[in-house]
Amino acid sequence: MLVRMWTSKRKAGTRAPRYLPGATIAAMSAIALMVVHSVFVTTEGGQLVDQQVMRAANAAPDSWHEAGFALLGAVNAPFIAAAIGAIVLIGLIRRRPRSIVVALAVIAGANLTTQVVKQLLDRPYLGWGAHNTLPSGHVTVITSLAVGLAMVLTPGSRSAAAALTCAAAAAAGSAVMICQWHRPSDVIAAVLVVVGWAAMLWPACAGRRDRYPWPGWTPIRSTSSPWPGPGSWDCRIVAWPCRAPGTSGWTRPPTGSGSSDWLGRARWLARTGRSNGRSTTATMS
């Protein structure tokens, strides 16, 4: 009991800086990247294991090779521009310019870091090639774009975005190894670069709550459970007007026939739902 009370008081009195956890994860990612390079690039045994794993991936079925080449071939300038445009569009609909800036900073920083590290690190010739390919540029591009998309989505969608990010990193890493473009250490190093940048800048993205764009609309926090289910509620396009438990007003998105009203509905849907893990809505004051 005394230990619990002392811990509670200490936590309440000493609050860690907001950026400290992210900076710690970024530093650990940088250290892990150097360990990966030291073990799998600068030692003969590490290069042997790295090469054998890449050769084993080459034994995948032909359909996997075709899918891998198709995925890697799709990562070009138009694809990157379209992905960045989608990230910016979603951020503008949600009126989150800070999230857009942070997402673009993560994408640019991660890819620039990958190219710089690839030029700075050396690969000694120990019988398995002398050209350094660590970290992988393709894995960095795909993973950083997925992370950037997660940063501009609503808080309630970030669990699915995290799963999408993991799937994108796994698909990109598998493709470059199956197609014999990169070794496993290159894939791990690329993921570490993206993790470092995302962890370092994510607090700036999550620093403010969503703003409700419509004058006279006030956010009302639900008194029910924060998780979806029988005890909670959520406003969706197929369910309006809907009613918040404990309130007397019906919630309804902006209506009209103009193009601005359709954009307003999109913004309204992007804002209603869960914010910071709890269900919220907007009601006329």
Side-chain angles (χ1 to χ4, degrees), residues 21-22 25-26 29 67-68 70-115 135-176 187-211 213 228 234 236-237 262-263 265-277:
I25 296 175
S29 300
L71 174 62
L72 298 177
V75 182
N76 48 29
F79 170 81
I80 296 174
I84 292 177
I87 292 172
V88 173
L89 179 61
I90 294 173
L92 290 176
I93 291 176
R94 298 191 60 228
R95 296 186 65 183
R96 296 299 299 270
R98 178 183 299 186
S99 298
I100 297 175
V101 172
V102 173
L104 296 181
V106 169
I107 295 172
N111 286 277
L112 181 61
T113 301
T114 290
Q115 299 304 321
S136 169
H138 280 76
V139 176
T140 302
V141 169
I142 295 175
T143 308
S144 62
L145 289 174
V147 170
L149 177 62
M151 285 183 166
V152 297
L153 291 176
T154 58
S157 305
R158 283 174 184 165
S159 297
L164 174 64
T165 302
C166 294
S174 302
V176 295
V187 176
I188 296 173
V191 173
L192 288 173
V193 169
V194 178
V195 168
W197 274 95
M200 185 169 53
L201 296 182
W202 191 285
C205 173
R208 296 177 62 187
R209 296 183 180 181
D210 292 350
R211 293 176 299 171
D234 191 9
R236 300 186 185 276
I237 190 169
W262 284 105
L263 180 59
R265 291 185 184 187
R267 288 176 175 171
W268 186 87
L269 290 172
R271 277 174 170 68
T272 54
R274 283 178 293 177
S275 176
N276 294 331

N/O donor to acceptor pairs below 3.5 angstrom from side-chain atoms of residues 73-83, sequence neighbours left out:
from	atom 1	to	atom 2	distance (Å)
N76	OD1	F79	N	3.0

Distance-only criterion, 3.5 Å: show the donor-acceptor pairs between side-chain atoms of residues 106-113 and protein atoms not counting sequence neighbours.
from	atom 1	to	atom 2	distance (Å)
N111	ND2	I107	O	2.6
N111	ND2	S144	OG	3.2
T113	OG1	G109	O	2.6
T113	OG1	W197	NE1	2.9

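Take A190 and apply the side chain to side chain contact (heavy atoms under 4.5 Å, CB included) test, not counting sequence neighbours, and it matches P135, S136, V139, T140. In terms of the side chain to side chain contact (heavy atoms under 4.5 Å, CB included) criterion, residue partners of A168 (sequence neighbours excluded) are, by chain and number, I142, A146. Contacts of A161 classified as side chain to side chain contact (heavy atoms under 4.5 Å, CB included), with partners at least two apart in sequence or in another chain: A150, L153. The side chain to side chain contact (heavy atoms under 4.5 Å, CB included) check on V88 picks up I84, L92, I100, L104, with sequence neighbours excluded. With sequence neighbours left out, the side-chain hydrogen bond (donor to acceptor under 3.5 Å, both in side chains) criterion links T165 to no other residue.
Every pair passing ring-ring contact (aromatic ring centres under 6.0 Å, His included) that includes a residue from residues 137-161 is listed here, sequence neighbours excluded: H138-W181.
Contact detail for G173 and V187: the closest heavy-atom pair is CA-CG1, 3.6 Å. Counting all heavy atoms, side chain and backbone alike, V102 lies closest to A204 at CG2-CB, 3.9 Å. Between A169 and V191, the shortest heavy-atom distance links the atoms CB-CG2, 4.4 Å. Minimum heavy-atom separation, I25 to A199: CG2-CB, 3.6 Å. Nearest heavy atom pair, residue A26 against residue M200, reads CB-CB, 4.1 Å. The nearest pair of heavy atoms linking A103 to I87 is CB-CG2, 4.1 Å.
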